[in-house]
Amino acid sequence: SQQGEEDPQALSIQEGENATMNCSYKTSINNLQWYRQNSGRGLVHLILIRSNEREKHSGRLRVTLDTSKKSSSLLITASRAADTASYFCATDAGGTSGSRLTFGEGTQLTVNP
Amino acid sequence: ETGVTQSPTHLIKTRGQQVTLRCSSQSGHNTVSWYQQALGQGPQFIFQYYREEENGRGNFPPRFSGLQFPNYSSELNVNALELDDSALYLCASSLAGLAGETQYFGPGTRLLVL
């Protein structure tokens, strides 16, 4: 079963606009990660935020984490057509069995030129 | 490019057959995780191998099995294929399988069961 839910399921914007995607999850986590997937191919790791962090930046990406609300958001600023992809959040509960990621169902982002 | 490779890229099988998918981990990584991604959904964790031993398993039946070799490459075997096994199978390698490590994904193997 999926741990998280992404919102919205699909998002269409114009180049240059900002895109915000939200993720909610159900259980306690060690960290939360965001991945990108182009056209059903492999996943590309974007950013990881630990449970004791509230905000993290990487280039045009900004991720927030609110553990009290069990939610995270990914902001892509100044979007480009090449940002068109599916974006997934994944939670990692940690523990003795190593790292296992539990993914949401993803947000399909379309950036129109 | 992550340095993680998978073979084959595409595969067509019929119901009841068996399939073996292969994954080569990134250099220096001793942990491989396998995920199943059905169309339109997020990936689901199948299992993880750390230093040739299974180190955690998701909610998949025993007909999903795996191996990890001394060079840390890995195989996923699925017996008695069912139509619902049609999916993209992704492997990911990480340095030591610890929580908080980045997992590096391969391009996937797309399996179609007819």
Side-chain angles (χ1 to χ4, degrees), chain A residues 1-7 9-10 21 23-53 56 58 63 65 72 85-108, chain B residues 1-6 9-10 23-24 26 29-51 53-60 68 86-112:
Chain A
S1 62
Q2 302 293 332
Q3 153 82 303
E5 297 181 1
E6 274 100 338
D7 169 48
Q9 288 187 327
M21 289 159 269
C23 166
S24 60
Y25 57 93
K26 299 173 185 173
T27 61
S28 296
I29 62 172
N30 176 286
N31 64 80
L32 185 145
Q33 304 177 35
W34 284 89
Y35 285 83
R36 165 198 169 120
Q37 184 177 43
N38 286 54
S39 302
R41 301 179 70 181
L43 294 161
V44 176
H45 181 264
L46 295 176
I47 196 165
L48 179 153
I49 186 165
R50 302 190 188 282
S51 60
N52 62 353
E53 296 176 309
K56 205 162 182 179
S58 176
V63 168
L65 178 64
S72 175
S86 292
Y87 290 83
F88 294 90
C89 69
T91 55
D92 186 350
T96 56
S97 291
S99 175
R100 65 168 67 182
L101 297 177
T102 304
F103 287 84
E105 295 196 357
T107 293
Q108 173 61 51
Chain B
E1 295 292 327
T2 63
V4 179
T5 61
Q6 291 186 246
T9 55
H10 295 83
C23 172
S24 291
Q26 188 165 316
H29 288 186
N30 60 24
T31 301
V32 172
S33 303
W34 286 92
Y35 294 82
Q36 180 196 65
Q37 185 179 21
L39 197 61
Q41 297 187 18
Q44 290 200 39
F45 176 76
I46 303 174
F47 44 55
Q48 181 183 85
Y49 278 82
Y50 170 70
R51 292 187 173 182
E53 297 286 334
E54 187 179 291
N55 183 40
R57 187 179 183 96
N59 189 26
F60 280 81
Q68 188 178 32
S86 295
L88 180 68
Y89 288 85
L90 297 162
C91 78
S93 77
S94 56
L95 192 59
L98 300 175
E101 286 182 345
T102 298
Q103 294 194 24
Y104 295 88
F105 282 81
T109 293
R110 189 164 295 283
L111 172 65
L112 177 62

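Note that the coordinates shown come from a computational prediction; the quantities given were computed from them, not determined experimentally.
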Legend entry - Separation of A:R41 CZ from B:T9 OG1 (nearest 0.5 Å): 10.5 Å
Legend entry - Gap separating the CD atom of B:Q37 from the CD atom of A:E105, nearest 0.5 angstrom: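 Interatomic distance, B:Q37 CD to A:E105 CD, rounded to 0.5 Å: 10.5 Å.
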Inset, instruction - Report yes or no: do A:Q33 and B:Q103 form a side-chain donor-acceptor pair below 3.5 Å? - result: no
Legend entry - is_close_aromatic(A:F103, B:F45), centroid dist under 6.0 Å: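 No, they do not, as the ring centres are separated by 6.0 Å or more.
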Legend entry - Proximal component of B:R57, with respect to chain A [non-hydrogen, under 4.5 Å]: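 The answer is the backbone of B:R57.
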Inset, instruction - Below 4.5 Å from any heavy atom of chain A, which atoms of B:F47 appear? Answer side chain, backbone, both or neither. - result: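 B:F47 has no heavy atom closer than 4.5 Å to chain A.
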Legend entry - Nearest atoms (heavy-atom pairs only) where B:G42 meets A:F88: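 Nearest heavy atoms, B:G42 then A:F88: CA-CE2, 3.5 Å.
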Inset, instruction - Compare every heavy atom of A:G42 with every heavy atom of B:L90, then report the nearest pair and how far apart it is. - result: CD2-CA, 4.1 Å
Legend entry - Heavy-atom side-chain contact between A:L101 and B:P43 under 4.5 Å: no
Inset, instruction - Might you confirm whether atom CD of A:Q9 has over 12 heavy atoms from other residues, nucleotides or ligands at distances under 6.0 Å? - result: no
